[in-house]
Amino acid sequence: MVLTSWLWLGCGGTPEATIAETEDAPSPTTQMPSTIEVTITPPVPSGQRFETETVARILRTIEGTLLAVPRVVPRIGDVDLAPGIEASPQSALGPWSLSFAVSTSNRSIEMRLMTCAPNGGCEEDVVFAEGTPESIGGLAVAKILDRLDLTVAGASANCMSTQPSKDDYHSLIAGRGAAVVYGLLEPTEVGDRDDDPSERAIYLDPKSGLGNWMAARARFARGALDSAETAVTKAVDRCPGHLGIAADAARIALELDKVEDAIALLEGAKGSADDPRLMPLWLDAWVRTDRIDDAETLGLRANATFPDDPNVARVLAELAKAQGHMEEYENWVQAWSDRSNGDPEPARRLIGIMARDNRWKEAWSAISVLESRGAAEEARQWKVTAGLALERYRDAAEAADPVTAKRIQARAALEGLAGYSVDLADDPTAEAHLARAAQAVGYGENEKALAQAEAALRLRPYWPEALEIKAEAMRALGRNEQATVARNQWLASEPPLEQ
């Protein structure tokens, strides 16, 4: 039997032979090293026996080895990035491209590797060996790193290129667990140890470093943070010094508000101090421990290197907010929005800032951005709020639900908005009753005004505006004692500023 699969990868970023060391006191404008982005698209399975497990095991070796190298950001299809580098800044440099053909027969695996530089120069390699998918993946990723002129620590490389368990069946199940993380398999019952391979793998071999790493990521993705921490701690112990796994553990610790544990994990990982992928983790930890100066210096350095990255602007916005610098916060949120491609969150925050400051005209313009980024329902609600604040009653009513729209129309009629004409004859809302009462008072129809005011009060007892019209209508009808009672109720519900 021969199994043939294709893997297509693309990466961005110009590698350097030497990774810059962190300076003792870097300037806020001193650039940090850039990232090298790698995107991996898994092949579509052809249905061959154990094909999915083989592909997943090779992917795990490639991704895990690249994660151990500072600056490298591996992306596998549409799957979320590893937790530790999820908010990694994006390089704007040209892409590298890599393609693989994988063929297996018995215990032999052959990989044909094509690596193309941004300028189009390509090199082809053939890797053939008898052994596990992890071992062949290790040989292949070594050639990739050699082409990129980067190196990986031997212990981390060995951890990723070694079969996850001494038992072949256990290793096969661990491969299925990796396939779950990489979106190649979907368990019927997520988190069930009999049905979910990411859980079954560590049930069969609780000490497996790679099995626990995959289980931690699957648990993190579904929000099971406590059990994710248990699994990733075992992975850190089995793969000591692995930068990527330590970063995942630090991210999980931060999510659990174990900030000191996160700092210890980052400080214990060689190469983490000036790794741009980990900048969001450092910023989060430093802000939470009041190391504001360190956080600001790092954030500005990152912005100097990644001036178009939305995540950098986002973390700088959070930093400014933590310091109480609200004008600076708004500027960074605006930068975040400008740099984002379809993210509604910065637009949402800008509208909130403008609403807080009663800058409704600016907010109205920003609502269209929020709407264009997929938050249509939220934008509709903001149109109602901003439309009312700006007395754009027509726009507010058009955006509102039918019941609210009628109330808006009634309010507009009640306030005598110039040019606003609406038929309120059949509107049963309290606002419509009040509008009809106010109109009747204007025409001297006091009996009608009284009836409508009382109808409004049945729906909204002690409504000051309705009580005022009731008192006025009763006085006009000569019912002075009842008018006095209504006036006293009105004053009690809304005391005047001056007597």
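- Side chains of Gln334 and Asp338: a donor on one and an acceptor on the other come within 3.5 Å.
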Evaluate side-chain contact (heavy atoms from CB on, under 4.5 Å) for His325 paired with Trp332, printing each intermediate quantity in order. CA-CA 11 Å; His325 300 164; Trp332 282 118; over 6 Å; no

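- Within the model, atoms CG of Leu298 and CG of Leu316 stand 9.0 Å from one another, a figure rounded to the nearest 0.5 Å.
- Of the possible donor and acceptor atoms, one in the side chain of Thr61 sits under 3.5 Å from a partner among the backbone N and O of Met160.
- Between the side chain of Asn158 and the backbone N or O of Gly154, at least one donor-acceptor pair lies under 3.5 Å.
- The shortest side-chain heavy-atom distance between Glu391 and Trp360 does not fall under the 4.5 Å cut-off.
- Residues Ile353 and Tyr329 are in side-chain contact: their nearest non-hydrogen atoms beyond the backbone lie under 4.5 Å apart.
- In this structure, Arg219 contributes its side chain and Ser227 its backbone to a donor-acceptor pair below 3.5 Å.
- The heavy-atom pair separating Ala405 from Ala397 by the smallest distance is CB-O, 3.4 Å.
- None of Arg349, Lys321, Arg314 except one satisfies the side chain to side chain contact (heavy atoms under 4.5 Å, CB included) rule with Val333; the exception is Arg349.
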Show the numbers, then the answer: is there a salt bridge (charged side-chain N to carboxylate O under 4.0 Å, His left out) between Lys143 and Glu123? CA-CA 10 Å; Lys143 290 186 175 293; Glu123 290 184 5; over 6 Å; no

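- Lys234 NZ to Ile245 CD1: the interatomic distance, rounded to the nearest 0.5 Å, is 14.5 Å.
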Could you go through the side-chain hydrogen bond (donor to acceptor under 3.5 Å, both in side chains) check for Thr52 and Arg57 one step at a time? CA-CA 9 Å; Thr52 299; Arg57 291 167 73 174; over 6 Å; no

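- When side chains are defined from C-beta on, Asp192 does not count as touching Pro187, because their heavy atoms never get closer than 4.5 Å.
- Minimum interatomic distance between Leu459 and Ala430 (heavy atoms only, all atoms of both residues): CD1-N, 3.5 Å.
- You'll find the side chain of Ser88 reaches within 4.5 Å of the side chain of Thr35, heavy atoms only.
- At least one side-chain heavy atom of Glu134 sits less than 4.5 Å from a side-chain heavy atom of Pro164.
- The two atoms that bring Gly64 and Trp213 nearest to each other are CA-CH2, 3.7 Å, heavy atoms only.
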Should Asp261 and Lys258 be marked as a salt bridge (charged side-chain N to carboxylate O under 4.0 Å, His left out) after you check the CA-CA gap, both sets of side-chain angles, and the distance that decides it? CA-CA 5 Å; Asp261 290 350; Lys258 298 181 178 181; 5.1 Å; no

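- Asp146 contributes no side-chain N or O that, together with a main-chain N or O of Ala142, makes up a donor-acceptor pair within less than 3.5 Å.
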Kindly determine whether Leu281 and Arg251 satisfy side-chain contact (heavy atoms from CB on, under 4.5 Å), including the steps that lead there. CA-CA 7 Å; Leu281 297 182; Arg251 169 69 187 283; 3.9 Å; yes

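- Side-chain contact between Thr305 and Arg301 is absent, with no heavy-atom pair separated by less than 4.5 Å.
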Quick one: do Arg288 and Asp257 satisfy side-chain contact (heavy atoms from CB on, under 4.5 Å)? Show the steps, please. CA-CA 9 Å; Arg288 292 204 217 175; Asp257 205 27; 2.9 Å; yes

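- Ser156 contributes atom OG, which lies 12.0 Å from atom CG of Leu66 (distance to the nearest 0.5 angstrom).
- With a 6.0 Å radius and a threshold of 12 heavy atoms from other residues, nucleotides or ligands, Asp401 has its CG atom above the threshold.
- Side-chain N or O atoms of Thr385 include one that pairs as donor or acceptor with a backbone N or O of Gln381 at under 3.5 Å.
- Between atom CG of residue Leu278 and atom CG of residue Leu265 there is a gap of 11.5 Å, rounded to the nearest 0.5 Å.
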Given Arg277 and Glu37, is the salt bridge (charged side-chain N to carboxylate O under 4.0 Å, His left out) satisfied, shown in steps? CA-CA 10 Å; Arg277 306 175 303 173; Glu37 297 177 21; over 6 Å; no

Could you go through the side-chain contact (heavy atoms from CB on, under 4.5 Å) check for Met279 and Phe306 one step at a time? CA-CA 12 Å; Met279 178 269 301; Phe306 305 98; 5.9 Å; no

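- More than 12 heavy atoms of other residues, nucleotides or ligands lie within 6.0 Å of CD in Glu377, so this atom counts as buried by the packing criterion.
- Ile252 approaches Leu225 most closely through the heavy-atom pair CG2-O, 3.9 Å.
- Applying salt bridge (Lys or Arg N to Asp or Glu O under 4.0 Å) to Lys383 and the options Glu398, Glu378, Glu371 leaves one that passes, Glu371.
- For the pair Arg339 and Trp336, the cation-pi test (distance below 6.0 Å, angle within 45°) is failed.
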Assess whether salt bridge (charged side-chain N to carboxylate O under 4.0 Å, His left out) is satisfied between Asp274 and Arg71, documenting all intermediate values. CA-CA 9 Å; Asp274 212 35; Arg71 304 166 50 206; over 6 Å; no

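- Just one of Glu63, Arg217, Arg60 meets the side chain to side chain contact (heavy atoms under 4.5 Å, CB included) condition when paired with Val181; it is Arg217.
- When side chains are defined from C-beta on, Leu67 does not count as touching Val72, because their heavy atoms never get closer than 4.5 Å.
- With 3.5 Å as the limit, one finds a donor-acceptor pair spanning the side chains of Ser337 and Arg373.
- Across all non-hydrogen atoms, the minimal contact from Ala285 to Ile263 is CB-CG1, 3.7 Å.
- A salt bridge does not link Glu199 with Arg176: every distance from a Lys NZ or Arg NE/NH1/NH2 to an Asp or Glu carboxylate oxygen is 4.0 Å or more.
- Rounding to the nearest 0.5 Å gives a distance of 4.0 Å between CE of Met214 and OH of Tyr182.
- Side-chain atoms of Leu243 and Ser272, non-hydrogen and from C-beta on, do get closer than 4.5 Å to each other.
- Taking each heavy atom of Asp309 and Val312 in turn, the nearest pair found is OD2-N, 3.0 Å.
- Rounding to the nearest 0.5 Å gives a distance of 12.0 Å between OG of Ser372 and CD1 of Ile367.
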